[in-house]
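Here's the structure we're looking at; comments come further down.
Here is how names work: the chains are called A, B, and so on, in the same order as the sequence lines, proteins then strands, and each is numbered from 1.
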Amino acid sequence: MPEPLTLKASRRAFLGLAAGGAALAASGQGARAERTRTSARIVILGAGAGGTAMANRLAARLEGATITLLDARRQHWYQPGFTLIAAGLKPASYAISRTAEWLPEGVEWIPEHAAGLDPVAQRVTTTGGRVLAYDYLIVASGLTLDWEGIEGFSLDLVGHDGVSAHYAGPEYAELSWRELDRFTDRGGVGLFGRPATEIKCAGAPLKMAFLAEDIARRKGNRERVQLTYHAQNQTLFGLPIVHHRLRQLFDERGIEARYDHVLKALDAQRRVATYATPAGDVTTGYDFINVIPPQRAPGVIREAGLGWTDRWLDQGWIEVDPATLRHRRYPAIFGLGDIAGVPKGKTAASVKWHLPVVEDHLVSELAGREGTETFNGYTACPMITRIGRAMLIEFDYTDNLTPSFPGIIAPLEELWISWLMKEIALKPTYNAMLRGRA
Amino acid sequence: MKDLSFATLIAVWEEMFGRGVFWALVAIAALITGLYLHVLFRDRALSLRKFLWAQLSMPVGAAGAVWFVLAITASRLSDMGGPIDWLVLAGIALVGAVGFAILVYVVQSLVRGPQDE
């Protein structure tokens with residue numbers, strides 16, 4: 001996510017589809033760099049957005065490398081689609097594909113999880129007992145949703161009695177939609193919010209509140225629903241300017257915001273939620289609740305001692321250089337995607353900008369050079385504010401807005417074009433990214 | 001691949017429609033354009049009568065394109081939020097209008113033949 005000129009161009013590549021065919025005038029693509037010969041053993045943990053795309057990129061750039069991808073999940077999930085599923089706009093199948101269909105030739109996929117990781121001996125042990133020695137390890141494991149972090153909650157509650165939890169997966173997102181549909185038919189109290197840990201797509205909890213409001217309005221039931229959003233601190237969004245814009249929109253839409261409220265327990269039978277606040281616990285009754293749990297690094301990663309030792313101690317994000325994404329204590333290890341301990345962005349858009357950085361530093365080193373690419377914290381959030389409109393919010397480590405189309409697509413305006421990007425351009429762009437083509 | 005390149009856009013379009021459908025659409029568009037040029041060269045003139053019908057059909061093409069895009073994106077005209085939205089919508093209408101007009105002209109030329117004036 002390097003700076004100005006190339007960066008702007010690449011953001012356009014990611015988001016530019018809906019902007020139309022004018023972009024066709026842009027220059028043709030240069031030929032791929034020549035393949036680098038190497039006998040390096042590279043292990044990639046995780047076949048999500050980051051791991052899959054990296055496997056494709058490395059397979060295209062390297063000749064003779066042993067590339068092994070470790071992930072037990074046979075389904076690949078297009079996670080940016082979960083919000084659309086939870087709003088009844090897409091079926092669960094929209095977000096589901098097969099892990100195998102994205103993997104290139106020449107990469108060995110072991111359908112197991114990592115059971116152990118020794119960063120000193122440079123070895124990964126799989127759940128099936130295989131030991132994989134590596135020269136380079138790319139940790140793209142994603143994160144763990146800590147459902148047990150909410151007392152009284154379990155996933156089998158989803159889809160009944162007003163409980164929704166679309167982060168849990170495509171099927172749960174569809175169950176969540178059924179509850180939202182019922183709620184906006186009947187009316188009542190709807191609760192939204194986010195956990196206090198870092199989370200993937202910090203916009204998603206807010207989007208659900210906006211979508212619930214819009215869906216109730218479309219059904220003519222807006223007067224019958226009362227909507228409350230619970231922020232984990234004093235802001236709705238990490239960027240001050242975006243926080244104020246969201247607060248304004250919440251005011252306009254009649255969505256109440258409560259600050260310093262973190263969901264800690266759920267009594268599904270009585271339909272009561274308990275929030276931790278600085279003044280002590282607060283309970284609230286509900287007819288509908290969207291549950292988003294605390295999020296942490298997977299146990300194997302935390303036990304391996306890869307995490308920062310002075311921050312995120314309860315979460316375990318790995319200690320990478322914010323610019324190069326290389327581990328600060330174990331240079332053979334890179335962090336890619338949600339697991340990276342950087343202060344911004346656990347999104348697919350961030351993955352898109354992590355990829356060339358990690359690829360550059362790894363391939364350059366194998367070719368006897370030093371990598372030059374850097375990540376500037378870029379992330380993007382198409383903040384859906386109603387069906388048919390979104391705000392295309394992009395920003396970096398410095399909390400600056402970094403619009404891809406300055407003067408054309410205003411980041412804090414609710415626009416149809418921003419919705420178009422989310423609705424039709426993002427998934428194809430994501431898929432092209434998985435194949436290493438974007 | 002860090003720049004917006006033609007290859008990136010092709011890759012994304014292939015993902016959007018599926019590789020087969022995308023290239024089939026490109027082929028159909030190329031075929032209709034080719035047929036248009038063919039009838040122009042064959043007739044050695046632009047038939048004003050056919051051109052009138054083609055022009056009259058433009059609003060149909062424009063409305064059809066707008067309707068199609070709104071339908072597949074769960075959107076409504078009331079979702080237009082700023083100038084860029086109207087410009088994009090106008091672009092979609094224009095593409096629909098011109099594309100449909102060419103199609104109408106070509107179909108007339110092929111069905112009725114050149115001696116239609």
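Pairing each heavy atom of A:Ala432 with each of B:Val12, the nearest pair is CB-CG2, 4.1 Å.
Under the 3.5 Å distance criterion, the side-chain polar atoms of A:Arg437 are left unmatched by any main-chain donor or acceptor of B:Thr8. With hydrogens and angles disregarded, no donor-acceptor distance shorter than 3.5 Å links the side chain of A:Asn431 to the backbone of B:Glu15.
For the atom pair CG (B:Leu89) and CH2 (A:Trp416), the distance works out to 5.0 Å, reported to the nearest 0.5 Å. With values rounded to the nearest 0.5 angstrom, B:Ile84 atom CD1 is found 6.0 Å from A:Ile408 atom CD1.
B:Ala24 is linked by a side chain to side chain contact (heavy atoms under 4.5 Å, CB included) to nothing, counting only residues two or more places apart in sequence or in another chain.
Both the backbone and the side chain of A:Ile387 come within contact range of chain B, judged by heavy atoms closer than 4.5 Å.
Per-residue heavy-atom pair counts under 4.5 Å with chain B were compared for A:Glu413, A:Arg435, A:Lys427, A:Lys422, and the maximum is reached by A:Arg435.
Contacts between residues 69-79 of chain B and chain A, defined by a heavy-atom separation under 4.5 Å, are made by B:Val69, B:Leu70, B:Ile72, B:Thr73, B:Ala74, B:Ser75, B:Arg76, B:Ser78, B:Asp79.
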